[in-house]
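Shown next, in structure tokens, is the structure this report addresses.
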Amino acid sequence: MSDCLFCQIVQKHIPAKIVYEDDRTVAFDDINPQAPVHTLIIPKQHVAAVQDVNDQDSSLIAHLLMTCTKVAKLKGLAQSGYRIVTNTGRDAGQTVFHLHLHVLGGRHLSWPPG
Ligand code: 5GP
Ligand code: ZN
């Protein structure tokens with residue numbers, strides 16, 4: 001979708017600090033980091049949110065999760081730990097409607113989240 005911010009990042013029309021890319025995903029640092037490491041992992045194909053993944057591309061979710069673990073390793077978080085978050089809809093505070101997983105780490109993360 002041409003008017004989608006993250007589709008534009010996939011197409012390199014908007015710059016981002018890309019930390020990993022393969023045929024199905026792109027990972028880039030969040031513009032407003034909430035932790036020393038805050039990277040977003042997105043599918044290249046436009047999917048609005050996790051609930052919009054259908055049966056045909058359910059393997060995409062597994063691939064996105066595997067990409068999170070790769071990024072965590074690249075960012076040096078494999079030993080210290082990290083959190084993977086996806087906000088869905090209004091109550092969760094989703095602001096960009098192109099599916100993305102947040103990988104947060106590099107500090108202690110409190111629980112439960114606010
Ligand atoms: P959400 O609130 O939808 O779960 O997360 C959207 C995330 O995208 C936020 O953490 C926000 O800081 C990040 N973000 C919004 N616009 C941009 C941008 O243009 N570039 C990058 N790198 N991150 C962005
Ligand atoms: Zn999109």
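We count ligands from 1, going down the list as the structure has it; atoms in each ligand are counted the same way. Count residues from 1 along the sequence.
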Identity and distance of the protein heavy atom lying nearest atom 13 (C) of ligand 1: Asp30 OD2, 3.3 Å
Is there any N or O on Ile9 that sits under 3.5 Å from an N or O of ligand 1? no
Whether the Ser80 and Arg107 side chains hold a donor-acceptor pair (N or O, under 3.5 Å, no angle test) is what I'd like checked. no
My understanding is that only residues two or more places apart in sequence, or in another chain, count here; which of them pass ring-ring contact (aromatic ring centres under 6.0 Å, His included) with His102? His38, His100
SG (Cys4) to the Zn ion (ligand 2) to ND1 (His46), nearest 10°, is 110°
With no hydrogens and no angle check, just 3.5 Å: does a side-chain donor-acceptor pair link Asp22 and Thr25? yes
Between His100 and ligand 1, is there a nitrogen or oxygen pair with a distance under 3.5 Å? yes
Got an N/O contact under 3.5 Å between His102 and ligand 1? yes
Geometric N/O contact Val96 with ligand 1, under 3.5 angstrom: yes
Closest N/O/S atom of His98 to the Zn ion (ligand 2), by atom name? ND1
Where at least one partner belongs to residues 50-86, residue pairs that pass ring-ring contact (aromatic ring centres under 6.0 Å, His included), sequence neighbours excluded: none
Hey, is ligand 1 close enough to Ile31 that some N/O pair sits below 3.5 Å? yes
Arg83 (side chain) donor-acceptor with Gly105 (main chain) under 3.5 angstrom: no
